[in-house]
Amino acid sequence: MEAQNQEVAALVEKIAGLHAAISKLPSLSPSAEVDALFTDLVTACVPASPVDVAKLGPEAQAMREELIRLCSAAEGHLEAHYADMLAAFDSPLDHLARFPYYGNYVNLSKLEYDLLVRYVPGIAPTRVAFVGSGPLPFSSLVLAAHHLPDAVFDNYDRCGAANERARRLFRGADEGLGARMAFHTADVATLTGELGAYDVVFLAALVGMAAEEKAGVIAHLGAHMADGAALVVRSAHGARGFLYPIVDPEDVRRGGFDVLAVCHPEDEVINSVIVARKVGAAAAAAAARRDELADSRGVVLPVVGPPSTCCKVEASAVEKAEEFAANKELSV
């Protein structure tokens, strides 16, 4: 335990030093110095760590919250920079790999899709909303092009300039893909009836950065999404919580959803993923009673691994069940 505490203290001290250096930067626009500092930050935060950011002291908590906002601002500058660079090509979508983290979006979107189809059986979305799409809507693009070819995507962002940059990326795109991507300038808090039309809503990691803001966004979605619709929420775990907000699954439940899966990747995919489904008032009340009973018994929602790992576990369980059934038939 002492060694673990020392490891956590050393990590927090290192991150605090990087926060201090980042805070002194004259600009968060891409540059050699900015890139180096954020690379060091990500390198420090990505490895598995025993740190629980919820247990940090007030000073460290304040540092973490400001650091997440700095990361958000820097990410916005980086995406705007590359969106403008890509827009200079005749066919911007042919050059997406020039963005240094494009592969991460590909892997994260695949993880989200795999979790969605695994834990929401039979789902076949035709209308999808992505809230917080930004100037580089890679997630929507990957999902639309590779995983949900029959779905129409409505991308929402509060920033009109971000949406304009996103639209420019689809210049020269094939008509099918371009026609399925729409961009709307709106705050999610102003959306009501529109939300009821979607089969799936994806919530970006940086929409609602403080815990209470995120809980408020989720509650708003829960008030207006259709019963049975799926919600995919990006979160963080461990030291990755210094880069992105951590979403408490209980806040998702309280928002009117049944939490189906929570996945914390340990590879290059930085974000955790929560998959949930909107439930009606009666079902929500029953779920709340069930959760209260589970809490009283010390039962917690199991955290799942990536689907490939889960598939192996479930496959072996199925094989055992089939073997048991076969043996039972032979014994009759």
Side-chain angles (χ1 to χ4, degrees), residues 8 12 15 45-46 48-58 60-69 71-72 108 111-112 115-116 119-120 131-132 188-189 195 200-225 229-266 269-279 281 283-306:
V8 169
V12 172
I15 292 174
C45 293
V46 165
S49 167
V51 66
D52 182 350
V53 298
K55 296 180 180 179
L56 296 175
Q61 287 285 10
M63 178 272 292
R64 171 181 169 263
E65 290 176 7
E66 184 183 354
L67 185 57
I68 289 174
R69 295 187 185 281
C71 289
S72 174
L108 174 56
L111 172 63
E112 290 174 324
L115 289 168
L116 184 66
Y119 292 99
V120 188
V131 180
V188 65
L195 294 171
V200 184
V201 174
F202 288 84
L203 184 61
L206 293 171
V207 176
M209 286 185 278
E212 59 274 13
E213 292 177 79
K214 184 77 73 175
V217 170
I218 292 170
H220 180 79
L221 293 172
H224 298 286
M225 286 172 60
L231 175 66
V232 181
V233 181
R234 291 180 179 176
S235 180
H237 181 67
R240 301 176 186 207
F242 286 101
L243 304 173
Y244 291 102
I246 291 177
V247 180
D248 186 345
E250 288 303 318
D251 285 337
V252 180
R253 286 197 187 95
R254 284 189 286 267
F257 296 89
D258 186 14
V259 176
L260 305 175
V262 178
C263 182
H264 300 309
E266 294 185 350
V269 175
I270 294 175
N271 291 112
S272 297
V273 178
I274 300 173
V275 176
R277 182 165 45 197
K278 171 69 188 302
V279 294
R289 289 193 296 272
R290 180 195 65 204
D291 293 340
E292 288 175 5
L293 181 60
D295 289 342
S296 69
R297 294 176 177 175
V299 178
V300 297
L301 181 76
V303 176
V304 306

Worksheet item: Is any side-chain heavy atom of V46 closer than 4.5 Å to a side-chain heavy atom of R240?
Response: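 They are in contact (side-chain heavy atoms under 4.5 Å apart), so the answer is yes.
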Worksheet item: Just wondering, do L108 and V273 contact through their side chains at under 4.5 Å, heavy atoms?
Response: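 Result yes, sub-4.5 Å side-chain heavy-atom pair found.
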Considering all heavy atoms, the nearest [X]-[Y] contact:
X	Y	value
M63	V12	CE-O, 4.3 Å
A230	L116	CB-CD1, 3.7 Å
A204	G132	CB-O, 3.4 Å
V269	P265	O-CB, 3.6 Å
V259	P249	CG2-O, 3.6 Å

Output the distance between atom [atom1] ([X]) and atom [atom2] ([Y]), rounded to the nearest 0.5 Å.
X	Y	atom1	atom2	value
R253	I218	CZ	CD1	12.0 Å
L67	C45	CG	SG	7.0 Å
K214	L206	NZ	CG	7.0 Å
M209	E65	CE	CD	10.5 Å
I274	D251	CD1	CG	9.0 Å
H220	H224	NE2	NE2	4.0 Å

Worksheet item: Got a donor-acceptor contact below 3.5 angstrom from the N271 side chain to the A236 backbone?
Response: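 Such a contact is absent between N271 side chain and A236 backbone.
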Worksheet item: Can you check whether A223's main-chain N or O pairs, donor with acceptor, with K278's side chain at less than 3.5 Å?
Response: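 Side chain of K278 to backbone of A223, a donor-acceptor pair under 3.5 Å: no, none is there.
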Discussion item. I'd like to check the side-chain contact (heavy atoms from CB on, under 4.5 Å) partners of R64; sequence neighbours left out, ordered by chain and number.
Written reply: V53, Q61, I68, F242, I246
Worksheet entry | Verdict with reasoning, Y244 to R234, per side chain to side chain contact (heavy atoms under 4.5 Å, CB included) | CA-CA 9 Å; Y244 291 102; R234 291 180 179 176; over 6 Å; no
